[in-house]
Amino acid sequence: MKSSSKTCKAFSAILPFILLFLISCTNNENPNPANGQISQISSTSASTAAVTETVSQSTAAVTSTTYDTTAPAENETTAIPGVTTTAPSGSLPDTKEEILALYTSVTKKIKDEIVGFSLASWMKIENEKIQGLGKALIEPMLSRMPSEAEAKGEKKFVIPKGDPTVAERFPVCSLTDLSVIESAACTSEGENYIIEMTFSDRKNPKKDDPLSTVLPFMMTADDMLEGVNSDRMKNFVKSIDKINIDYNDCKIRCKFNPETLIITELQTDMTMFFDLDAKLVVGSLTGSADIVSHMYIFEFVY
């Protein structure tokens, strides 16, 4: 199994900007996304608008982020011993091995045939326990994020059939570690199959965590540290004394035709919990929250 050297987690494009938002609120400074310069401003509302726009742009940018879409080569099958990757004939797969193998084949077809699709991404923050001035400004930031209806409508991202970036933007499954799968089920609905898999919770996962091979937009504490150590964040952050990132309630649901392996819809859901203690140039930022994120892929063009 080959590994991609172009791994870029979609959430690493979001969480640093959420942190940047909170820090900038504390410092009452405005990061200018156009040129990266920091300018003092006197209006808190103006600061909120500027940074929430950055967050909004970062959220939209997830759809154009390069995913780690490592998958079997053209002449390879899944690396699960003794399990075929072809569609079943007349019977539903019922073991984790069979379900994962079928799901791997279904997602690999997107890459092989350079299938077009539409992508929607939305999120919300729950159980927020951020301390400091940033706490009062989270709601304005959240109000700029697209709702589910907006994400599936006017703010959806369309990747046309034949686009050379299809393989980078679609989460092709290359998972082989069955221990990551908490439960797996395959049911029928008319002529279609529906695969649903839930995955075990991950506490402070590393970059090479096997869950990233089926949910390639995971962000780790290491990714976060890379983000806050960037040139832009150095103007705000002195040190990160504590950072924990855990994943809970991670699951996928895929509806497809078992004979043709053509997907109708694919949705991934995950909750990322972060707990942070940062010393800033002025003051500090401490707190935790759950980021509940959803990705919905639909309108496939084979």
Side-chain angles (χ1 to χ4, degrees), residues 8-22 24-25 31 33 44-67 116-130 133-160 165 169-171 194 196-199 215-219 224 227 245-255 263-274 287-301:
C8 183
K9 313 302 183 186
F11 272 108
S12 64
I14 296 174
L15 190 54
F17 281 105
I18 292 176
L19 177 61
L20 177 60
F21 164 80
L22 296 171
S24 65
C25 291
T44 299
S45 60
S47 178
T48 302
V51 183
T52 52
E53 179 63 24
T54 303
V55 173
S56 178
Q57 293 172 356
S58 300
T59 304
V62 169
T63 55
S64 62
T65 301
T66 301
Y67 293 104
F117 54 87
S118 296
L119 188 150
S121 179
W122 66 100
M123 68 174 64
K124 60 181 178 179
I125 296 180
E126 296 181 345
N127 304 316
E128 175 270 313
K129 297 178 182 177
I130 300 295
L133 181 59
K135 179 179 178 64
L137 301 176
I138 285 180
E139 284 303 320
M141 178 189 73
L142 294 179
S143 68
R144 302 292 295 272
M145 293 183 179
S147 65
E148 177 179 352
E150 291 171 334
K152 292 179 178 179
E154 67 269 22
K155 294 186 178 181
K156 69 182 179 183
F157 191 82
V158 179
I159 297 92
T165 65
R169 292 171 173 170
F170 185 84
I194 297 175
E196 294 178 285
M197 288 190 284
T198 60
F199 304 96
L215 295 175
F217 39 80
M218 287 178 61
M219 178 182 178
M224 181 67 176
I245 295 181
D246 303 334
Y247 286 88
N248 309 289
D249 301 322
C250 299
K251 56 190 175 182
I252 63 99
R253 182 183 187 274
C254 183
K255 183 177 181 180
I263 301 177
T264 302
E265 59 184 18
L266 169 65
Q267 179 158 333
T268 67
D269 307 287
M270 63 193 299
T271 298
M272 180 180 71
F273 168 79
F274 71 91
S288 63
D290 290 317
I291 298 179
V292 183
S293 65
H294 311 275
M295 184 175 69
Y296 182 69
I297 305 177
F298 60 115
E299 298 177 341
F300 290 86
V301 180

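Residue numbers run from 1 in the order of the sequence given. Keep in mind that what you see is a predicted model, and the values were worked out from it rather than measured.
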Below 30° counts as parallel, above 60° as perpendicular, anything between as tilted: where do the rings of W122 and H294 land?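 The arrangement is parallel - the two ring planes meet at less than 30°.
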Nearest-0.5 Å distance, [atom1] of residue [X] to [atom2] of residue [Y]:
X: I252; Y: M270; atom1: CD1; atom2: CE; value: 13.0 Å
X: E150; Y: M145; atom1: CD; atom2: CE; value: 12.5 Å
X: I291; Y: K124; atom1: CD1; atom2: NZ; value: 13.0 Å
X: I159; Y: E299; atom1: CD1; atom2: CD; value: 10.5 Å
X: D269; Y: F199; atom1: CG; atom2: CZ; value: 11.0 Å
X: K255; Y: E265; atom1: NZ; atom2: CD; value: 5.5 Å

Check for me whether K152 meets the cation-pi criterion with Y296, that is, NZ or CZ under 6.0 Å from the six-membered ring centre and within 45 degrees of the ring axis. yes
Please report the shortest heavy-atom distance between [X] and [Y], naming the atom on each side.
X: R169; Y: L119; result: O-CD1, 4.1 Å
X: P146; Y: A151; result: CB-N, 4.3 Å
X: S118; Y: V158; result: OG-CG2, 3.7 Å
X: T264; Y: F300; result: O-CD1, 3.6 Å
X: S288; Y: I130; result: N-CD1, 3.8 Å
X: M295; Y: P171; result: CE-CG, 3.8 Å

Under 4.5 Å between any side-chain heavy atoms of C250 and M218, yes or no?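 SC-SC contact between C250 and M218 ruled out.
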Could you tell me whether the side chain of L266 reaches within less than 4.5 Å of the side chain of F170, counting heavy atoms only?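 F170 reaches L266 side chain to side chain.
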Answer yes or no: is there a donor N or O on one side and an acceptor on the other, between the side chain of Y247 and the main chain of M219, under 3.5 Å? yes
